[in-house]
Enquirer: 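Quick one: the structure is below, questions incoming.
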Amino acid sequence: MKIAFIGLGNMGGGMALNLVKAGHEVRAFDLSEAALAAARETGCDTFGTAREASHGAEAVVSMLPSGAIVKQVYGEDVIGHAPEGAILLDCSTIDVATARELAAMAEARRYPMVDAPVSGGIAAASSGTLTFMVGGAEEAFARAQPILAAMGKAVIHAGGSGSGQAAKICNNMLLAIHMVGTCEAFAMACKLGLDGQTFFDISSVSSGQCWSMTSYCPVPHVGPASPADNEYQGGFATSLMLKDLRLAQTAASEAGATVKLGDVAAMMFNDHCVAGNGNLDFSSIIQTMRDLSCNSKCESITTVN
Ligand code: NAD
């Protein structure tokens with residue numbers, strides 16, 4: 001299948017490669033020359049504009065930074081330029097309202113469209129093990145499913161347009177909250193004289209266990225390998241977590257939902273970003289608690305700054 005791919009950054013680069021590996025003809029575009037050169041190396045055909053990449057494409061996939069950019073790219077260069085009937089799949093994390101508006105705009109011009117944001121970071125994008133949560137009509141989902149399956153381990157239909165984005169921001173708000181809770185529990189355990197590994201051994205098989213504890217432990221060299229073991233490099237950037245929490249706050253206020261813990265988490269990740277940690281993995285938020293409640297016994301929680 002001829003698939004246009006727009007946005008070949010940390011995530012999109014690996015995703016486009018997996019479409020090539022699955023035998024698709026990938027027509028790639030990015031504003032960055034370096035990203036285009038890397039895409040050529042992996043077997044994509046590259047183009048000078050999103051419009052050229054979309055010409056003749058049976059599907060258009062995008063992985064872009066924000067709703068405003070997604071809207072601009074589809075509005076100016078995809079809708080009306082890709083062949084009528086091409087399936088449009090936006091995998092970026094954007095606000096629910098823009099996702100719905102875009103799908104309506106696309107469908108009015110006879111392009112089925114899905115919002116298909118992902119769970120899983122750069123490593124999952126490269127290895128083709130992302131989880132896609134998909135919003136759109138049944139027929140659009142049926143057409144999008146095999147394309148997404150080439151880039152992920154799970155493709156789940158969440159409901160109508162915007163439902164994929166709704167699932168994504170609810171999931172990431174929960175992730176932020178349980179990461180903060182996990183960090184507070186470790187920092188407090190240390191303050192109370194418990195060894196980090198011992199607390200992990202107990203809590204990871206007790207009722208406090210959660211993904212942030214068992215699969216992504218914020219304490220270095222405790223639990224399975226995680227960015228904490230690598231001075232919080234790689235993984236999921238604090239700045240991206242803050243972006244998702246902001247999207248969650250906007251969606252909550254539009255829907256009239258109360259998200260008190262989500263608001264607190266947003267404030268904490270904002271402060272962590274402002275302190276210059278935006279590029280560190282989000283589990284590095286544990287460093288903000290060290291001075292508050294962690295004593296010298298917890299030497300493994302070091303300060304990066
Ligand atoms: P990135 O900044 O690495 O990549 C974005 C790419 O889009 C860049 O290469 C940039 O040059 C390109 N771009 C920007 N404007 C463009 C335009 N008008 N036309 C064409 N290309 C354009 O970001 P990323 O980490 O790959 O994230 C992409 C999306 O995936 C975001 O919405 C992010 O929230 C989401 N996401 C990221 C992760 C992660 O771990 N990085 C995880 C889940 C979801």
Side-chain angles (χ1 to χ4, degrees), residues 4-18 26-40 42 44 46-54 60-79 81 89-96 98-99 102 115-134 148 151-154 164-165 167-173 175-176 179 216 226-227 232-248 250 269 273 278-284:
F5 202 112
I6 303 165
L8 306 155
N10 289 322
M11 298 292 289
M15 293 164 69
L17 168 62
N18 284 315
V26 177
R27 302 167 61 83
F29 172 68
D30 194 290
L31 292 178
S32 148
E33 256 314 315
L36 286 174
R40 272 193 293 276
T42 62
C44 299
T46 58
F47 293 85
T49 62
R51 192 176 293 193
E52 288 170 56
S54 301
V60 180
V61 181
S62 54
M63 196 55 167
L64 293 161
S66 70
I69 293 174
V70 171
K71 199 168 164 183
Q72 184 192 9
V73 166
Y74 280 90
E76 293 178 8
D77 287 324
V78 177
I79 295 172
H81 300 283
L89 306 89
D90 178 41
C91 299
S92 327
T93 303
I94 68 168
D95 60 288
V96 175
T98 298
L102 257 175
D115 48 290
V118 307
S119 177
I122 301 164
S126 300
S127 61
T129 55
L130 293 167
T131 292
F132 289 93
M133 28 209 123
V134 189
L148 297 172
M151 302 183 282
K153 66 171 185 327
Q165 298 296 351
K168 164 77 186 177
I169 53 172
C170 291
N171 178 74
N172 275 26
M173 183 179 77
L175 169 62
M179 177 56 80
Y216 210 87
S226 70
Y232 304 98
Q233 302 298 320
F236 185 52
T238 299
S239 58
L240 285 175
M241 178 52 91
L242 180 60
K243 168 193 167 181
D244 292 357
L245 287 167
R246 294 268 185 257
L247 291 173
T250 303
F269 281 103
C273 267
N279 290 328
L280 294 182
D281 180 73
F282 76 113
S283 64
S284 64

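In each ligand, atom 1 is the first atom listed, and ligand 1 is the first ligand listed. Because only heavy atoms are used, hydrogens play no part in the values below, and waters and symmetry mates are left out as well, while side chains stay in.
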Enquirer: Say whether, by atom type as modelled, one donor and one acceptor occur between the side chain of Asp281 and the main chain of Phe236 under 3.5 angstrom.
Expert: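 Pair found, side chain donor or acceptor close to backbone of Phe236.
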
Enquirer: For atom 35 (C) of ligand 1, what's the nearest protein heavy atom and its distance?
Expert: Thr93 OG1, 3.7 Å

Enquirer: Measure the distance from atom 16 (C) of ligand 1 to every protein heavy atom, then report the residue, atom name and distance (to 0.1 Å) of the closest one.
Expert: Leu31 CD1, 3.5 Å

Enquirer: Is there a polar contact, in the sense of an N or O pair closer than 3.5 Å, between Lys168 and ligand 1?
Expert: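 No: no nitrogen or oxygen of Lys168 is under 3.5 Å from one in ligand 1.
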
Enquirer: Can an N or O of Asp30 be found at a distance shorter than 3.5 Å from an N or O of ligand 1?
Expert: yes

Enquirer: For Arg51 and Asp77, indicate whether the former's side chain and the latter's backbone hold a donor-acceptor pair under 3.5 Å.
Expert: no

Enquirer: Given Asn10, Asp281, Leu240, which has its nearest heavy atom closest to atom 41 (N) of ligand 1?
Expert: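 It is Leu240 whose heavy atom sits nearest to atom 41 (N) of ligand 1.
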
Enquirer: Just by distance, do the side chain of Arg27 and the backbone of Glu52 share a donor-acceptor pair under 3.5 Å?
Expert: yes

Enquirer: To the nearest 0.5 Å, tell me how far Phe282 CZ sits from Leu240 CG.
Expert: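 Nearest 0.5 Å value for the CZ-CG distance: 11.0 Å.
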
Enquirer: Around atom 4 (O) of ligand 1, find the nearest protein heavy atom and jot down its residue, atom name and distance.
Expert: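 Result: Gly9 CA, 3.2 Å.
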
Enquirer: Under 4.0 angstrom from ligand 1, any heavy atom of Gly13?
Expert: no

Enquirer: Looking at Gly120, which atoms of ligand 1 are within less than 4.0 Å of one of its heavy atoms?
Expert: 42 (C), 43 (C)

Enquirer: Is Phe5 close to Met15 at the side-chain level, that is, under 4.5 Å between some pair of heavy atoms?
Expert: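 A side-chain contact exists here, since the closest heavy-atom pair is under 4.5 Å.
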
Enquirer: How far is atom 2 (O) of ligand 1 from the closest protein heavy atom, and which atom is that?
Expert: Pro65 CG, 4.7 Å

Enquirer: Going by heavy atoms in the side chains, are Asn172 and Leu245 under 4.5 Å from each other?
Expert: no

Enquirer: Among all protein heavy atoms, pick out the one at the shortest distance from atom 22 (C) of ligand 1; state its residue, atom name and that distance to 0.1 Å.
Expert: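 For atom 22 (C) of ligand 1, the nearest protein heavy atom comes out as Leu64 CD2, 3.4 Å.
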
Enquirer: Report yes if Cys91 has an N/O atom closer than 3.5 Å to an N/O atom of ligand 1; otherwise report no.
Expert: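 Min N/O separation from ligand 1 is not below 3.5 Å for Cys91.
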
Enquirer: For the backbone of Tyr216 and the side chain of Ser226, can you confirm whether one donor and one acceptor N or O come within less than 3.5 Å of each other?
Expert: no

Enquirer: Pull out every atom of ligand 1 sitting under 4.0 Å from any heavy atom of Lys243, numbered as shown with elements.
Expert: 31 (C), 32 (O), 33 (C), 34 (O)

Enquirer: Are the side chain of Gln72 and the backbone N or O of Gly67 linked by a donor-acceptor pair below 3.5 Å?
Expert: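 Side chain of Gln72 to backbone of Gly67: no pair is present.
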
Enquirer: Indicate yes or no: does an N/O atom of Gly7 lie under 3.5 Å from an N/O atom of ligand 1?
Expert: no

Enquirer: Measure the distances from the heavy atoms of Ala50 to every atom of ligand 1 and state whether one is below 4.0 angstrom.
Expert: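 Ala50 does not count as a contact of ligand 1 under the 4.0 Å cut-off.
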
Enquirer: Any donor and acceptor pair, going by atom type alone, linking the side chain of Asn18 with main-chain N or O of Ser126 inside 3.5 Å?
Expert: yes

Enquirer: Note the single closest protein heavy atom to atom 37 (C) of ligand 1, along with its residue, its atom name and the distance in Å.
Expert: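 Of every protein heavy atom, Met11 CG, 3.6 Å lies nearest to atom 37 (C) of ligand 1.
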
Enquirer: I'd like to know if the side chain of Lys168 reaches the main chain of Val118, judged simply by a donor and an acceptor atom lying under 3.5 Å from each other, with no hydrogens or angles considered.
Expert: yes

Enquirer: Could you walk me through whether Asp90 and Ser62 pass side-chain hydrogen bond (donor to acceptor under 3.5 Å, both in side chains), step by step?
Expert: CA-CA 5 Å; Asp90 178 41; Ser62 54; 2.7 Å; yes

Enquirer: Considering Glu76, Glu33, Met15, Met63, which one's heavy-atom position lies nearest to atom 30 (O) of ligand 1?
Expert: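 The option holding the nearest heavy atom is Met63.
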
Enquirer: Quick one: which of Phe29, Phe5, Phe282 has a heavy atom closest to atom 20 (C) of ligand 1?
Expert: Phe29

